[in-house]
Amino acid sequence: MERILSYVDAIREATDQQMAEDPSVVVFGLDVDDPKAIQGTTRGLAEKYGPERVFGTPLSEEAMTGAAIGMALAGLRPIHIHIRMDFLMLAMNQLVNVAAKSRYMYGGQVHVPMVVRCMIGKSWGQGAQHSQGLHSFFMHVPGLKVVAPTNPYDAKGCLIQAIRDNDPVIYVEHRILHFQKGIVPEERYGIPPGRARVLEEGRDVTLVGISHMLTECLRARCYLETINVHAEVIDPIWLSPLDIETIVKSVKKTGRLCVVDNGWTTCGASAEIVTRVIERLQGEREVVVHRMGYAPATCPPTPSLEDLYYPNARTIASAVYDLVKGGRNHWLPEEREGLQEMEFRGPF
Amino acid sequence: MERILSYVDAIREATDQQMAEDPSVVVFGLDVDDPKAIQGTTRGLAEKYGPERVFGTPLSEEAMTGAAIGMALAGLRPIHIHIRMDFLMLAMNQLVNVAAKSRYMYGGQVHVPMVVRCMIGKSWGQGAQHSQGLHSFFMHVPGLKVVAPTNPYDAKGCLIQAIRDNDPVIYVEHRILHFQKGIVPEERYGIPPGRARVLEEGRDVTLVGISHMLTECLRARCYLETINVHAEVIDPIWLSPLDIETIVKSVKKTGRLCVVDNGWTTCGASAEIVTRVIERLQGEREVVVHRMGYAPATCPPTPSLEDLYYPNARTIASAVYDLVKGGRNHWLPEEREGLQEMEFRGPF
Amino acid sequence: MMSKAIYERFYRSLYRIRRVEEEIARIYPSDKIKSPVHLSIGQEAVSVGVCEALRPDDVVFGTYRSHAYYLAKGGDLKKMLAELYGKATGCAKGKGGSMHLIDAAHGVMGASAVVGTTIPNAVGYAYALRLQRKDSVVVSFFGDGATDEGVFYESLNFAALKQLPIIFICENNFYAIHTHLLSRHKDANLCGRVRAYGIPAEQIDNNDILKINERVKGVVDLLRAKQGGPFFFECLTYRWKEHVGPNDDFHLGYRSYEEARTWVEGDQVRRLAALIAPQSRERIETQVEEEIRAAIVCAEDEPFPEAQELLTDVTGD
Amino acid sequence: MMSKAIYERFYRSLYRIRRVEEEIARIYPSDKIKSPVHLSIGQEAVSVGVCEALRPDDVVFGTYRSHAYYLAKGGDLKKMLAELYGKATGCAKGKGGSMHLIDAAHGVMGASAVVGTTIPNAVGYAYALRLQRKDSVVVSFFGDGATDEGVFYESLNFAALKQLPIIFICENNFYAIHTHLLSRHKDANLCGRVRAYGIPAEQIDNNDILKINERVKGVVDLLRAKQGGPFFFECLTYRWKEHVGPNDDFHLGYRSYEEARTWVEGDQVRRLAALIAPQSRERIETQVEEEIRAAIVCAEDEPFPEAQELLTDVTGD
Ligand SMILES: Cc1ncc(C[n+]2csc(CCOP(=O)(O)OP(=O)(O)O)c2C)c(N)n1
Ligand SMILES: Cc1ncc(C[n+]2csc(CCOP(=O)(O)OP(=O)(O)O)c2C)c(N)n1
Ligand SMILES: [Mg+2]
Ligand SMILES: [Mg+2]
């Protein structure tokens, strides 16, 4: 019997199971113990594990991140939760200058096993300061790990892995992915860093989707199939360390790469993936590349502009079409009903 | 008669001239009015313009950055100075969530003309937290401008331009560049964004150097000349907006691109430049690319490791040699005496 | 004693804000406002009491809970509603939304969705005013939640050091979302904390618009006369609606209706209504209703921004 | 009254720190130490007074001005000097340098070159100790400069809220680099600021090692007995040397030798020397000199890290 859970419940289950097995796991952040319980991801944990292990905090992102580091140094495994990734800007000093560097600058005498859960917002007027996908900042800095699971199965496995990991892990969620449902085994399992997953095979183009954009890539694939373009869709899952081999292998086959990020492109994850693939395949295989992401602007809340701000299945399909055919073809598929709601449900 | 100034004095002169001409220019930051006067770059300004326009601040990077924004909204042109770029991590919320976004999220009703001067440190055990080149963070975020002048002439012109600019500008200095001397005209002049400079022409490879690494690229070019490899050396000057055309034009000629950054490569400026060049030239010109930057580690203070951490003229020359010849050739030029001290002195 | 005319002013402003937000709550379920609205219903007295002590050239900074002070300071209602609807004629051309209302012409200098962020902006603005030898003052509005953030203390420190013409107004409604101040601070001692910076601080504990106005006016006069630096008011008040959205939330259990009752009973809109003549009241209400109706029609009719707006206003060139 | 044995302990620790730093200053011009050294000469009494009140399993966090408390808490001298020389046998394998001394085995948990950053780390560590039902305590050392940073106040707030077993020690030497506290704060009222968080605070104004030790010991006992939460000491003290580097800096003009004089006259190294018997003193000094000489020889002889260390310790795998 397949066990179907939502992304939210998968996170809750992962946390619950790790807390049950390891008394050093603690969960905190603004509102983790309030009636909304971080979209339900922390529901019931305070009751089960008590207010010392699960607690709401003051609005003090910098100090609470610093405190998480201190807890980790003392042998705990803190999970610090932020309902928007944008708020991490208040904690960059602790994340970049302390968490990322402690193991190295203390010559390996210490390590910092902490998880920073943070959510990318989208739509309903989230606007400028509640919508950013800033994962490339954390990919840039040695000493941090970054993961952005796109489905409930990975949400659980990556969180378990992140909690067990002895380094600071930035765990990137997306508010829209929270609604996803999918197969999630009951037992504990980890999704190890450095292994991307080929979700759909295809010979014509390699589509890499990050966070919520993976879903759009899967939808784009359906549009492309109707015109006989077959996309191979890859979910990198872990962004740092990044499994470039799987992507390179695919591009070696298809000769075409389109990376779609849930963030800006300049100095973003898409630039990195493109560059690594080129570095690996130059002189060996001719490839064409394309990257997509947020428009180079601040996120506008009004729907008329927000629609243009994000890549979507149709604009991705359109760009891939150009990549395959060459030139600018101005092909844009008609909106298809079923695809709006499409969810990738596994099994893996 | 050529007028020779140090990089430090070029900055001081630019500030002085803009303050003299525009009473809305103010200068502040930790220690700007102390006996060391930020390496001399603010020497005499407090005496000349008074303590209201030139003042030291408490150690409050976040609030003082926020205050700079508020001053800019009120019609001032603040210059906020940090003796290390690493300290900007304390001000990321104001820089990323407020300064970068204000013009857009207020629909153009306001703008934020401020300059953030910050220095990259190197050597003498600067180590983990006093050596970072984090300019790619600011390139990533729409709404910010980024400039990293590499010589006294540009130091002056870019600072004048940055002060006049109506957007927030991150002005990246490098402690070692401070010692550079070069031709600096007395009159006021701006170095406008979006224009890179070809410093040396060459047919075999395009070398792009960022910040202090530009100097290393110029030195590498000398090593390469001895083996008849001719590098075209480009200084992007402004990183955002970035003049990719000049680089593309060069790579179109040379077919080879090596970008050397004063920062990490992953999701860095080097990834961005490589990707943009590929995007522009694919299908048109076959190119090979290479990027160099900090080793993917935290900066170690001990000289034995620090030497390996940074690219230098010889390792750049070696990498370019491989790029030109293909494969791994393990060629490393002998250290040459004169090159250690080489400075690029213009004229432009 | 204040004059009838002033009561009428206050009532007009209070009533207008209350009714605008009630209309927003009414329209909200239609999904025409695709924006996270943070209503000030119950808290209007702070905005009105403070802003009625200000001149047009004084400047306020605030938070995502922005409707009340935006309107109280003279912000354009049509542009505000258009902004909530995401229309091109909104005060931020639809690029700000409910959380980033601005009306520079009326001294509403902006709002932020990140708690605490406008406090140092307000301080910097006050620094500029002093340097420019102006006699305007700045008001920084923020919630009790912002007093958890380090930037608040950094801002107090600098404002005190430079004796800036700024008034800090903490709207203490006891909660940051669902978390009580006493779950975030050991003691509820905001004024004590601020005084330790050498900044005079005063708590006004009953949402009394007349008291708020009178006390703020006194401080504004001092600041304009360059007598004294920053001042801090902790205005106790109460949010009647949920943190974000148009509904009640007493069923969630994090607070009780009992707790709310005294605040609802002390409603300043009702109080001021009773202080003015019935015919004045009717006239005011009719005018306000008419204005709101017109503004809603406008907001509904106006166009969304054109595609080219997506990449406009990112930088200045 | 304390016993002679304790005076001897204190003197040994004080003398050792003073002499180590004098040796560092002596060696520095040889460029063998390519590390920005921030000497504590003149301030040793704070580190020694505090750390002598602690157990080995208590933990301290500090700043780049780290030599004194590192040694006072039991940190390994050889590993420290090797670290300054950038050697593979340094306490951080040469990857930390002078600003990032650590000796986890002796409860020295790290130091930061970014002002204020270890304060919340110390608070988090204290939270863990409480959760783990240990009776160790944490000490957070920082300078007066750190009290400008917002994170200090956020940390105080959380430590007070959770009543954590932590002692905050502000080494107030009046200056952040060359800028006096009174150019950064309106009033020098650090204890007042801290008390406003419900944290007891006390100023010790004369660098008196015995007083510091006695007062800290008292608080440590309370914390171990789970009576009371955080405590704050403002220890006035004075840096004799320049901010960074081995030299004097009175010629710079930002402070006068007059100002320094009382502190130099109240030197705690000399004071303690006078409290113990001459032959004990000689024995201690001889032993310490021998230890330092050996440690320097070691540091000079040891190898630099191998190339493969460059990419080791970035992450755990
Ligand atoms: C820095 C930051 N942290 C967390 C949040 C999430 N958040 C949004 S509103 C809010 C509560 C703020 O409470 P308060 O300042 O008292 O204002 P109120 O909503 O009561 O008016 C929180 C925690 C945020 N927006 N910004
Ligand atoms: C966040 C931050 N801002 C600025 C600096 C530059 N800086 C280095 S030491 C220092 C002074 C700190 O003074 P204090 O905390 O009193 O310590 P002391 O040096 O007096 O021991 C400053 C401003 C820094 N290291 N970190
Ligand atoms: Mg509140
Ligand atoms: Mg000091």
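Throughout, a chain's letter reflects where its sequence line sits, starting with A, and its residues are numbered from 1. All values derive from a computational prediction rather than experimental measurement.
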### Message
If I measure from the heavy atoms of chain C, does A/S123 come under 4.5 Å with its side chain, its backbone, both, or neither?
### Response
neither

### Task
Can you tell which part of A/F87 gets under 4.5 Å to a heavy atom of chain C, answering side chain, backbone, both or neither?
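Contact with chain C is through the side chain of A/F87 alone.
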
Against chain A, label [X] side chain, backbone, both or neither, depending on which of its atoms sit under 4.5 Å from a heavy atom there.
X: C/I33; result: backbone
X: C/H100; result: side chain
X: C/T315; result: neither
X: C/L252; result: both
X: C/D31; result: both

### Aromatic ring proximity, centroids under 6.0 angstrom, C/F152 and C/F142
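Yes - the distance between ring centres of C/F142 and C/F152 falls below the 6.0 Å cut-off.
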
### Task
Report yes if the distance between the aromatic ring centroids of A/F179 and A/Y7 is under 6.0 Å, otherwise no.
no

### Query
Do C/R184 and A/S60 get their side chains close enough for a donor-acceptor pair, meaning under 3.5 Å?
no

Of the listed residues ([options]), which shares the most heavy-atom pairs with chain A below a 4.5 Å separation?
options: C/K87, C/K95, C/E149; result: C/E149
options: C/D249, C/I177, C/V151; result: C/I177
options: C/A146, C/A176, C/G145; result: C/G145
options: C/S35, C/G97, C/G86; result: C/S35

Within this structure, what is the [atom1]-[atom2] distance for the pair [X] and [Y], rounded to the nearest 0.5 Å?
X: C/T179; Y: A/D31; atom1: OG1; atom2: CG; answer: 4.5 Å
X: A/E61; Y: A/L30; atom1: CD; atom2: CG; answer: 5.5 Å
X: C/K241; Y: C/H38; atom1: NZ; atom2: NE2; answer: 15.0 Å

### Message
I'd like to know if the side chain of A/S131 reaches the main chain of A/G127, judged simply by a donor and an acceptor atom lying under 3.5 Å from each other, with no hydrogens or angles considered.
### Response
yes

### Message
Looking at C/Y85, I'd like to know if the NZ or CZ of C/K32 sits under 6.0 Å from its six-membered ring centre while staying within 45 degrees of the ring's axis.
### Response
no

